[in-house]
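Below: the structure, in structure tokens.
All values reported here derive from a predicted model rather than from experimental measurement. Each chain gets a letter, A, B and so on, in the order its sequence line appears, and its residues count up from 1.
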Number of protein chains: 2
Amino acid sequence: MPNPATIRVASEPFGLAQARVACSQCNLRELCMPVGLSEAESSQLDRLVATRRTLRKGEALFRLNDPFTSLYAIRLGTFKTRVGTSDGRDQVTGFQVTGELVGLDGIGSGRHACDAVALEDAEVCEIPYVRLDKIARELPALQRHFHQLMSREIVREHGVMLLLGSMRADERVAAFLLNLLQRMHTRGYSGREIVLRMTREEIGSYLGLKLETVSRTLSRMADEGLISVNQRRVRIEALDRLRAMVQAGDAQS
Amino acid sequence: MPNPATIRVASEPFGLAQARVACSQCNLRELCMPVGLSEAESSQLDRLVATRRTLRKGEALFRLNDPFTSLYAIRLGTFKTRVGTSDGRDQVTGFQVTGELVGLDGIGSGRHACDAVALEDAEVCEIPYVRLDKIARELPALQRHFHQLMSREIVREHGVMLLLGSMRADERVAAFLLNLLQRMHTRGYSGREIVLRMTREEIGSYLGLKLETVSRTLSRMADEGLISVNQRRVRIEALDRLRAMVQAGDAQS
DNA sequence: CGACATTTTGAACCTGTTCAAAAACAGTGG
DNA sequence: CCACTGTTTTTGAACAGGTTCAAAATGTCG
């Protein structure tokens, strides 16, 4: 009889808020963990994850100023991270999808520096930071991998700064679509179609535009035959022309 | 007789491009290294730095796509980092001053993801990444410190995204001035006056504005008695009113 | 089905940009 | 040390892209 504290298959989508799981068995391994480890090393990774946690659409994984304890690997779902301002404005700093990591913002000060909110029902693996830290010391490959993750996040943000600081509305939207498309494609989804899990307003916040501008830009792109839009469903009709709009776009993660 | 390969005082500002130095003796220790280490631990840090390097104004510390080998602790001077676009535009992603670290962008891919250029004659300590990695494994406090540094960089960039995505020109400029003021003040400089080591154009690039807008905004702020501007020298005349402009500004590093 | 949220589209407006020219400054070499 | 050249900064005026405000249309969820 399997020890329920060791391995547990996620058959039911909800209700198992406290299931321990084995990273070595996870089908997202190659996304959030280093590859090329020995059997023994690989099994070390299983000590990483404390618990699973499921979230409903709209629920926060953590909030600004929450004490930082863990990173979260997204097993399923989409999140947004956002920073707020005292006078109510807020800025979406990123969208995170299945296989990506959230929570790096908290390491610096011991408290989270942003909110992370589920845009759809979601499931995450909780990785206690002290544990990661310890195992990384024993497993150089993991340490490297972790440093690379953080560095890539810094570089991704450089890309967003480039976008926010120097691109026009249509370029921003094109860059956003292409980036999301590429990330979803990597994860086995279509390379020509994406489903936007976020509202026009959230896209606008991320891109430094008003929701009306996002909507208008999408409409215009559709008129010009670049894409076709059906609510949250966007199909890329002319990948090359879309790419050409973003020659400014070596950018983004 | 002191071993010249171990300790070397920086008496002459230039000409000693290859001097080894002891971190434990460095007057920037508390800025770039963790505090509260034992004598023995502290001396471990001396293995970190490979060489010093001096740069002339305008010289690049590294460039986009340069192979990544090292991080650099700035001992003296100011740098800008920038990412470029194929069509010539570029975006300044940050300004780094004495005591700060540059180069984290390279860890992710093994190549630098931006240019780092000296805005004035400068001096840096080269910290080979493999060496840092190794010592960090033996010295948990150092590892923590390093992770915190990276995380803070991520959070800083969140702040810049907030600035670029949701603030108006005068708010951006105010946030920029206050941030720089605070960082220089931390390093022992005046809390009321800063010398801008960068051009209006570079400030504009960082803030997502044109140089004319930066200039006009500074002029207007001066008219209103918030600051007084004398070329690159800016004196803050009404810190409280300047702060009030940026209530949007929990932001920036 | 009904209440509420999201999206689309229009028209006036405003902030920041663009283009241009003059002024101030910095570095170079005589 | 000063004159000269190129760069940086300031300021003006016209312009444009994106915002704002508003209303209708479409979707979504209980």
Side-chain angles (χ1 to χ4, degrees), chain A residues 56-59 78 80 88-89 91-92 117-121 163-177 195-224 227-234 245 248, chain B residues 56-59 78 80 88-89 91-92 117-121 163-177 195-224 227-234 245 248:
Chain A
R56 287 256 139 79
K57 180 175 178 175
E59 214 181 322
T78 307
K80 68 172 173 183
R89 280 178 281 186
Q91 170 75 24
V92 170
V117 179
L119 297 180
E120 55 184 329
D121 291 349
L163 180 148
L164 290 172
S166 75
M167 289 169 68
R168 285 190 332 242
D170 51 353
E171 299 173 320
R172 296 186 197 195
V173 173
F176 167 73
L177 291 176
V195 178
L196 304 174
R197 249 68 225 214
M198 61 294 288
T199 67
R200 304 288 191 261
E201 184 170 23
E202 288 163 334
I203 297 173
S205 171
Y206 180 59
L207 299 179
L209 301 170
K210 295 292 148 181
L211 68 100
E212 294 95 329
T213 307
V214 174
S215 176
R216 268 186 258 268
T217 305
L218 288 174
S219 299
R220 194 167 341 108
M221 284 177 166
D223 288 348
E224 294 169 356
I227 58 177
S228 49
V229 183
N230 194 314
Q231 277 307 111
R232 302 271 177 112
R233 186 164 257 107
V234 177
M245 293 185 65
Chain B
R56 287 258 139 80
K57 180 177 179 175
E59 215 181 320
T78 308
K80 68 172 173 184
R89 281 179 280 187
Q91 171 74 25
V92 170
V117 179
L119 298 180
E120 56 184 329
D121 291 350
L163 180 148
L164 290 172
S166 76
M167 290 170 67
R168 282 179 331 189
D170 50 354
E171 299 173 321
R172 296 185 196 195
V173 173
F176 167 73
L177 291 176
V195 178
L196 304 174
R197 249 67 226 214
M198 61 294 286
T199 67
R200 304 288 191 261
E201 184 169 23
E202 287 163 334
I203 297 172
S205 171
Y206 180 59
L207 298 178
L209 302 170
K210 295 293 149 179
L211 68 100
E212 294 93 329
T213 307
V214 174
S215 176
R216 268 187 258 269
T217 305
L218 289 173
S219 299
R220 193 168 342 106
M221 285 177 166
D223 288 348
E224 292 168 359
I227 58 177
S228 50
V229 183
N230 195 313
Q231 276 307 112
R232 301 275 177 108
R233 187 165 256 107
V234 177
M245 294 185 63

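Within the 4.0 angstrom heavy-atom criterion, no nucleotide atom of any strand lies near B/R220. Within the nucleic acid shown, A/L218 has no heavy atom closer than 4.0 Å to any nucleic acid atom. At the heavy-atom level, B/E212 lies under 4.0 Å from base atoms of the strands shown. Heavy atoms of B/S219 sit under 4.0 angstrom from primed sugar atoms or phosphate atoms, though from no base atom. At a threshold of 4.0 angstrom between heavy atoms, the contacts of A/T213 include nucleobase atoms, whether or not backbone atoms are also involved. Heavy atoms of B/R168 sit under 4.0 angstrom from primed sugar atoms or phosphate atoms, though from no base atom. Across all strands shown, A/G204 has no heavy atoms under 4.0 Å from either base or sugar-phosphate atoms.
Contact between the side-chain N/O atoms of A/K210 and the OP1/OP2 oxygens of D/dC21 is not found at any separation under 4.0 Å. Contact annotation: B/R172 side-chain N/O to C/dG16 OP1/OP2 distance is not under 4.0 Å.
Heavy atoms from other residues, nucleotides or ligands lying under 6.0 Å from CD of A/E120 number more than 12.
When the C1' atom of D/dT26 is taken as reference, atom CZ of A/R232 falls 13 Å away, rounded to whole Å. Rounded to an integer number of Å, the gap from A/K57 NZ to C/dA5 C1' is 10 Å. Atom CZ in A/R197 sits roughly 16 Å away from atom C1' in C/dT6 (whole-Å rounding). Following rounding to the nearest Å, A/E201 (CD) and D/dT19 (P) show an atom-to-atom distance of 13 Å. Whole-Å rounding puts the A/R200 CZ to D/dT26 C1' distance at 12 Å. Here the C1' atom of nucleotide D/dG18 and the CG atom of A/L164 are 14 Å apart, to the nearest Å. One atom, CD of B/Q231, and another, C1' of C/dA23, lie 11 Å apart when rounded to the nearest Å. The nearest whole Å value for the distance from the CG atom in B/L119 to the C1' atom in D/dT8 is 14 Å.
Here the closest heavy-atom approach between residue A/K80 and residue A/E202 is recorded as NZ-OE2, 2.8 Å.
Taking the side chain of A/S215 as heavy atoms from C-beta on, and the options C/dT18, D/dT9, C/dT7, the nearest nucleotide is C/dT7.
In this structure, A/L211 and A/T199 have side chains that are not in contact, with every pair of non-hydrogen atoms separated by 4.5 Å or more. Residues B/L218 and B/R200 form a side-chain contact, since some pair of their non-hydrogen atoms from C-beta on lies under 4.5 Å apart.
Between the OG1 atom of A/T78 and the CZ atom of A/R197 there is a distance of 6.0 Å, given to the nearest 0.5 Å.
Interface remark: the A/R216 side chain does not form any donor-acceptor pair with the D/dG17 base, using a distance-only criterion of under 3.5 Å.
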